[in-house]
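In this text, all values refer to a predicted model and were calculated from it rather than measured experimentally. All heavy atoms count here, side chains included; hydrogens, waters and symmetry mates do not. Residue numbering restarts at 1 for every chain, and letters A, B, ... go by the order of the sequence lines.
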There are 4 protein chains.
Amino acid sequence: MNATGHDAVRAAVIPGPNRPVEVRTFPRPELEDGAVLLRNLYSEVCGTDLHLQEGRLAETPYPLIPGHANVGVIEELRGDVCDVAGNRLAAGQQVTFLDVHATCGACWFCLVAKATTRCPNRKVYGITYGADDGLMGGWSEYVHLRPGVRIIPLPEGLSPETVIGGGCGLPTALHAVERSDILLGETVLVQGTGPVGLSCVALARLRGAYKIIAIGAPQQRLDAAARMGADLCLDVENTSAEERRAAVLEATSGRGVDTAIEASGNPAAVPEGLDLVRDNGTYTIVGQYTDHGPIELNPHLDINKKHLDVRGVWGIDYSHFHRVLLLQERYNDLFHWERLITHRFGLEEANQALDAVRSGQAIKAVIEPWKR
Amino acid sequence: MNATGHDAVRAAVIPGPNRPVEVRTFPRPELEDGAVLLRNLYSEVCGTDLHLQEGRLAETPYPLIPGHANVGVIEELRGDVCDVAGNRLAAGQQVTFLDVHATCGACWFCLVAKATTRCPNRKVYGITYGADDGLMGGWSEYVHLRPGVRIIPLPEGLSPETVIGGGCGLPTALHAVERSDILLGETVLVQGTGPVGLSCVALARLRGAYKIIAIGAPQQRLDAAARMGADLCLDVENTSAEERRAAVLEATSGRGVDTAIEASGNPAAVPEGLDLVRDNGTYTIVGQYTDHGPIELNPHLDINKKHLDVRGVWGIDYSHFHRVLLLQERYNDLFHWERLITHRFGLEEANQALDAVRSGQAIKAVIEPWKR
Amino acid sequence: MNATGHDAVRAAVIPGPNRPVEVRTFPRPELEDGAVLLRNLYSEVCGTDLHLQEGRLAETPYPLIPGHANVGVIEELRGDVCDVAGNRLAAGQQVTFLDVHATCGACWFCLVAKATTRCPNRKVYGITYGADDGLMGGWSEYVHLRPGVRIIPLPEGLSPETVIGGGCGLPTALHAVERSDILLGETVLVQGTGPVGLSCVALARLRGAYKIIAIGAPQQRLDAAARMGADLCLDVENTSAEERRAAVLEATSGRGVDTAIEASGNPAAVPEGLDLVRDNGTYTIVGQYTDHGPIELNPHLDINKKHLDVRGVWGIDYSHFHRVLLLQERYNDLFHWERLITHRFGLEEANQALDAVRSGQAIKAVIEPWKR
Amino acid sequence: MNATGHDAVRAAVIPGPNRPVEVRTFPRPELEDGAVLLRNLYSEVCGTDLHLQEGRLAETPYPLIPGHANVGVIEELRGDVCDVAGNRLAAGQQVTFLDVHATCGACWFCLVAKATTRCPNRKVYGITYGADDGLMGGWSEYVHLRPGVRIIPLPEGLSPETVIGGGCGLPTALHAVERSDILLGETVLVQGTGPVGLSCVALARLRGAYKIIAIGAPQQRLDAAARMGADLCLDVENTSAEERRAAVLEATSGRGVDTAIEASGNPAAVPEGLDLVRDNGTYTIVGQYTDHGPIELNPHLDINKKHLDVRGVWGIDYSHFHRVLLLQERYNDLFHWERLITHRFGLEEANQALDAVRSGQAIKAVIEPWKR
């Protein structure tokens, strides 16, 4: 599996569940017609990468090159490759690409339910492709973009750092915020101040929320939430649920927030969040990406009597990804997503990168595959 | 409190929590301007009446005359009283009226959230009005309809029996079915075959569902579900959850239903229902009208990964009530709501009426206040 | 272009604008992997076929084999061909297929706007494919279904006649009715009693409309509208606009209908329809499929002051097509779409078929390619 | 009708159609229980006031005190008067109030259609109340706020100038922008750069639009549009329709905008706007508040084939008004609505005020009733 010499490509690999990441070399891929070879500049270290390394996701095709959010430069193309507007891509362009690939457009979910994020045929770079499939993850010097992968050139003035600073959390947040149907002037609670939560705060502001409340930790992330637009930041580690409840009710004339978005990953956030939404409000669950077990809730008090809308949000589609770049181009001066990057690691430092995310020390850590 | 003689009105009263219903007499009310005196023909016996008698609802103003769904004849009016179309009502008309009254139109919920079913000022005949407020419940020979109570004359050809057969369950079902956003050709599961569930079956058919599955008991109610339009009826008492799951998956190509509506009142139905909805489907909770304690659910598996919509439904507003009569006028030949009435009781038999509902013996029991 | 002998396939061809249809023979196609050869039983004669023959559609690729709604039997397959549920198709099955083909899933309209009916790459059997592309229209003994064409086996108990009786008008009507957001108990006006209008009447009933009003002609079609569920049928040829207005207002307490659907193809229907919708209602335009010139309307009175929603409906996608078969399977006993077929023609009689539709003599005419 | 002495109140009155405004005196009103006397600080001069003075609105109750958007100080109250949150108002508070009053909550439009802006019973300060009804318009030293008028205290830090700078145009724009369903990252065209159009620009930005294009005049208003957030400003007086079309298509990859909002009042804007929206986009009409005659449009090309949504917007309700103050409190530092005020007039200068608006010289003119 390892390659050497001029064409050898270095990549960080999770060999199996609970095993440390190691750097391996791979042959430079032969491009098929319509494919692109990406010289990767940045790859994100996401909570999902922790779960992959910890063996928490079913059917992971180990060995695996992680890295599903990436920004790089087109090194080589084979044949005509176009973006969604029909413009031909060219070597040397800075681009990003949607990790979700091969949504089939032919199954019941794609065609009848129009729920493409539930298409059973979709493949995901860095998650459902393994290293045996090729350079299909971003913790690698090069990434092999197969025909049909959706590639977007970075708009003029938008830096790779800003794009990776948004990472996969920003389109996920966009999906969640759109599902939340926030009205102009409403009050929004965001539970969780990781990358998804922080982008939810930013986008709630960009939807014209009146007041934004964030619950999270540690202080570094709460400070980031305040910069993103949160008016009230509650430290989940230094407050009791009762104190948070009192603070939210005080900020909302005793009614609770119009909309809450769960982006914490902690199952216990769900009953707390349901309680903090006002009657006839909306509760969006976007943080429960792995199974951390069951919770208790009261269907009479928490949902039926409250006349609540509870909405799960799974994955993103191309539309979310596409519009994120437009938003970053236009509004990054309000949010500065690149400032979320607190840690940068080379391929050899991938285990430290995972540690920095696991410990909560990093807001966002990135892999720079060419860093030595 | 008791009255005698020519003007004495007989009504059935719950004196207090867990006390048997007793018949008392009241003076015939003096009508204020804009009020109507209804000679009541039928009043429903609803699950809520059981809860009132069992003391399960907070802040019940005992002693209380139950009966929130009613059909009667206008005995007397004071001043001009109009229906919503501006037509003047007249003595002798058969009418029904919306139990919910005095929605304020002035509070934050009415005006900003436009969530009138959460207005804190609304009053409900037979539930939040007590006997000390007057003849404000339907288990009574006469009901005092205060100014502003929304009264609808029965359309020509629509019998009082059909209207009380729909009762309060039908507008509740209409609210739930509208919240469920059923598309033409979708498959719908209804959990519960009481009056709300049976009307959900009917209305799912009236929205053009492809296939309707009902889970309930006993056989008498399942037979009614089949008559209302259910294609597959599963007896909750004679099947295991596993068997029901297998049957639902078989009926849906292994995906689960597009939409499920919980109308059972049993908290355990909620996790079962969440599991039986397909990814990206909708789950509507309308049966959890009293607190029967918490349930366990898994926010990752049951909501987030499924990309589910879960919607609570509390109460109805006038629009639901109004359109129910139109639907009954037009479509009763398909559904025959009057056939849901299995038991009829006089005021003196009110305790038997409650027993018939408590035991599940009755599909629908009604009180006929003039029956001797 | 013509073929003879054992493998020759007969098809009716429009040679060019305003030229009579003629029967030509073609070689039996070689199937590529994933393709299907359909032995065609029925093909519809649609208003669009008139427009194609009259040269009214831009960029028509003459010579052309018309026929975009079809039902037939699988004669031959090459390789594995599956339906949307993943079930393998087999020779001998009765099937129908979606005329729209090759929606790209890669352009801005498909991916960002999610407006697949506006995808510029889609091709349509019998309309945008010409005879030089092969047997890509339904007025032919055989139709060549290319890989990726969406094919649906007829459900058990659903006859080819019922399916072709619904034809292309029924999924178009389904799209229009879904865009109309009809609430349970609303009153709906359908303008036009051709195949689209008649199916709009049926589906309005299947959405639980209270009252359905149809405007159309001639009497034969109005009778069909009444059978489909219209409560009030107004003959557009024997009534003045004033008389229709009076009738609609009388039927709606003077307010106008909640929703009107234009399915007439006559531009003059648009201002009339806008006027007949109540304030804050919905007006859906699905009949204006060719350019018949401009109309006058008053944006203050007709739209702004009325707080109206006006919705154009172009084409259908697979979801509409798929659910139509489910609806026909379940509800055909209420509507009997096969009874819309009033005329049947062989390939040699194709010009008479067009005449029967042009004159309004036929409700629905079908081509039976094997009829001699 | 005129009063003198200590209690005389001065107000500007339109005596009849096409007659100059004149100052008259009125007696200070006696307050009924629940009423408030407002010492008025600012009243807006709106395009509707021109139409009132020009006799263009049907059933105007002359003589009339204009002025429907107002900010003042509570001079006196009678009894308990509360805001929508239930907080008691007090003399000395700075407040604004919703001009729309007496929405009945009892008619078919209020209760069944839930279309309160079409309630036939609603009354409007400065428009449908005449001077004979009392001090029911804002071009007056005092305004008589009857029981049930919705009054909002200005939040701390929000100045009367900012509130009147938003005026009636801002809640109208909020209603239009909400009806437009702008997605994050979409491109929006606003036609018209009067107060409604400028606030539409601001709110499109507050909904996270990617690009905002404004068409209007004169230069002063285009400059204001740019300050509010427009990326591209097109002068309707110095460009041809062809030039504007070319500019819009260039800015949108040739597709047209996702959403356009008509806020110009010019009927000719409607066909132009329909043409500038992309297929499957949304066109909202909020500027056609008076009848300026018919336009021509092509229902095939402009609506049906484009699969367009066209939405009329009439009036506002309390929810729009309420949330406007929240938005101004939170986001005025981005928009500075007070800077829209270019002209200030006393009561005696009311005719000059109308001239300043009629000529387009003013972006926004206000009346200061106490200015001498």
Side-chain angles (χ1 to χ4, degrees), chain C residues 108-109 112-120 175-176 179 183 185-186 252-255 258 262 265-271 273-274 278-315, chain D residues 108-109 112-120 175-176 179 183 185-186 252-255 258 262 265-271 273-274 278-315:
Chain C
W108 188 90
F109 277 103
V112 180
K114 298 178 191 171
T116 60
T117 67
R118 299 309 304 156
C119 167
H175 194 182
R179 288 268 285 163
L183 295 186
E186 288 197 328
T252 57
S253 306
R255 284 185 303 258
D258 298 299
E262 187 286 321
N266 183 350
V270 173
L274 288 167
R278 70 164 168 87
D279 288 355
N280 203 37
T282 300
Y283 188 60
T284 301
I285 301 178
V286 67
Q288 306 288 321
Y289 261 59
T290 42
D291 186 353
H292 290 278
I295 52 160
E296 265 198 356
L297 63 78
N298 185 309
H300 167 64
L301 296 174
D302 293 335
I303 299 180
N304 199 344
K305 192 174 183 186
K306 290 190 88 152
H307 197 87
L308 217 63
D309 268 43
V310 182
R311 298 175 184 168
V313 179
W314 187 256
Chain D
W108 189 89
F109 277 102
V112 181
K114 299 177 190 173
T116 60
T117 69
R118 300 307 306 153
C119 168
H175 194 181
R179 288 267 287 162
L183 295 186
E186 288 198 327
T252 56
S253 307
R255 283 187 303 260
D258 298 301
E262 188 284 322
N266 182 350
V270 173
L274 288 168
R278 69 164 168 87
D279 288 355
N280 204 36
T282 300
Y283 188 59
T284 301
I285 300 177
V286 66
Q288 307 288 321
Y289 260 59
T290 42
D291 186 353
H292 290 278
I295 52 160
E296 264 198 356
L297 63 78
N298 185 308
H300 167 64
L301 295 174
D302 294 335
I303 299 180
N304 199 344
K305 191 174 181 186
K306 292 191 85 154
H307 197 87
L308 217 63
D309 267 44
V310 181
R311 299 174 183 169
V313 180
W314 188 257

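- There is no contact between D:Val112 and chain C, counting heavy-atom distances below 4.5 Å.
- Nearest heavy atom pair, residue D:Pro299 against residue C:Val270, reads CB-CG2, 3.9 Å.
- Of all heavy-atom pairs between D:Ala113 and C:Asn280, the closest is O-ND2, 4.2 Å.
- Proximity of C:Asp309 to D:Arg179: side-chain heavy atoms (C-beta onward) are separated by under 4.5 Å at one or more points.
- Here D:Gly293 is the residue among D:Ser253, D:Pro271, D:Gly281, D:Gly293 with the most heavy-atom pairs under 4.5 Å with chain C.
- Neither the backbone nor the side chain of D:Asp302 comes within contact range of chain C; no heavy atoms are under 4.5 Å apart.
- A salt bridge is absent between D:Asp291 and C:Lys305: the closest approach of a Lys/Arg side-chain nitrogen to an acidic carboxylate oxygen does not fall below 4.0 angstrom.
- Residues satisfying the side chain to side chain contact (heavy atoms under 4.5 Å, CB included) test with D:Asn304, not counting sequence neighbours, are C:Ile285, C:Gln288, C:Tyr289, C:Trp314.
- Between chain D and the residues C:Ile295, C:Asn298, C:Leu308, the largest count of heavy-atom pairs under 4.5 Å involves C:Ile295.
- Interface summary for chain D: among C:Thr290, C:Leu301, C:Asp258, the most heavy-atom pairs under 4.5 angstrom belong to C:Thr290.
- In this structure the side chain of D:Val310 reaches within 4.5 angstrom of the side chain of C:Ile303, judged on heavy atoms.
- Among all heavy-atom pairs drawn from D:His307 and C:Thr117, the shortest one is ND1-OG1, 4.3 Å.
- In this structure the side chain of C:Leu297 never reaches within 4.5 angstrom of the side chain of D:Pro294, judged on heavy atoms.
- The structure places CZ of D:Arg118 at 9.5 Å from NZ of C:Lys306, a figure rounded to the nearest 0.5 Å.
- Listed options D:His292, D:Lys114, D:Glu262, D:Arg278 were ranked by heavy-atom pairs under 4.5 angstrom with chain C; first place goes to D:Arg278.
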